[in-house]
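Read the structure below first, then the notes.
Note that these values count all heavy atoms, side chains included, but never hydrogens, waters or copies made by symmetry.
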Amino acid sequence: QVQLVESGGGLVQAGGSLRLSCAASGLTVRSYAMAWFRQAPGKEREFVARIRGWNGDSTYYADSVKGRFTISRHNAKNTVYLQMNSLKPNDTAVYYCAARSSVVVTTIANEYDYWGQGTQVTVSS
């Protein structure tokens, strides 16, 4: 059974940093497109970042986080990370790890196949 488990969320002041982890089992992150999404209260789930496991390790970010967030993968640990720097209050959300088996990667949430339970990130002023 596929399982994605996020960790690393918490409370941080604006301008601070957090690193989220997504530990995968039942799939190999090197062979999947892996992504982070987030959902704030009253809002739809939105794309944050993704990384490909094939044809290189290309990354892509939402405009709102470019230059501040970095997605990466540690193949031996079968884990994907999201390093978040210069955090802003509007980054506050539940952050979800997602995996997609297709060679065609997207930023659309309902096109991802597997999801973690999420980890809360709260950024205070």
Honestly curious: do [X] and [Y] fall in one hydrophobic cluster under the side-chain, below-4.5 Å linking rule?
X: Val65; Y: Ile51; result: yes
X: Val80; Y: Val2; result: yes
X: Tyr114; Y: Val48; result: yes

Do the side chains of [Y] and [X] get nearer than 4.5 Å, heavy atoms only?
X: Glu6; Y: Trp36; result: yes
X: Arg38; Y: Asp91; result: yes
X: Thr70; Y: Leu82; result: no
X: Met34; Y: Leu4; result: yes

Ring-ring centroid check Phe37 Tyr96, cutoff 6.0 Å: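 Ring centres of Tyr96 and Phe37 not closer than 6.0 Å.
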Side chain to side chain contact (heavy atoms under 4.5 Å, CB included) assessment of Tyr81 paired with Leu20: CA-CA 5 Å; Tyr81 303 96; Leu20 307 183; over 6 Å; no
Hey, does the side chain of [X] reach the backbone of [Y] with a donor-acceptor pair shorter than 3.5 angstrom?
X: Asn78; Y: Leu27; answer: yes
X: Asp113; Y: Ser101; answer: yes
X: Thr79; Y: Lys77; answer: yes

Side chain to side chain contact (heavy atoms under 4.5 Å, CB included) between Arg68 and Lys88, worked out: CA-CA 10 Å; Arg68 300 189 297 121; Lys88 304 174 181 179; 3.9 Å; yes
Spatial distance of atom OG (Ser17) from atom CZ (Phe69) [nearest 0.5 Å]: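 Reported value, rounded in 0.5 Å steps: 9.5 Å.
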Interatomic distance, Arg19 atom CZ to Ser7 atom OG [nearest 0.5 angstrom]: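 Reported value, rounded in 0.5 Å steps: 9.0 Å.
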Table please: side-chain donor-acceptor pairs of residues 118-125 below 3.5 Å, with sequence neighbours left out.
| unit_1 | atom_1 | unit_2 | atom_2 | d |
| --- | --- | --- | --- | --- |
| Thr119 | OG1 | Gly9 | N | 3.2 |
| Gln120 | NE2 | Ala93 | O | 3.4 |
| Gln120 | NE2 | Thr122 | OG1 | 3.3 |

Verdict with supporting geometry, Tyr32 and Arg73, side chain to side chain contact (heavy atoms under 4.5 Å, CB included): CA-CA 11 Å; Tyr32 283 72; Arg73 181 185 61 241; over 6 Å; no
Polar side chain donor-acceptor pair, Tyr112 to Arg100, under 3.5 angstrom: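 Checked: Tyr112/Arg100 side chains show no N/O donor-acceptor pair below 3.5 Å.
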Residues Ser58 and Arg52: side-chain donor-acceptor under 3.5 angstrom: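 The criterion, which ignores hydrogens and geometry beyond distance, is satisfied for Arg52 and Ser58.
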Nearest atoms (heavy-atom pairs only) where Leu87 meets Leu18: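 So the minimum-distance heavy-atom pair works out to CD1-N, 3.9 Å.
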Under the ring-ring contact (aromatic ring centres under 6.0 Å, His included) test, residues paired with Tyr61 that sit two or more places apart: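 Residues passing ring-ring contact (aromatic ring centres under 6.0 Å, His included) with Tyr61: none at all.
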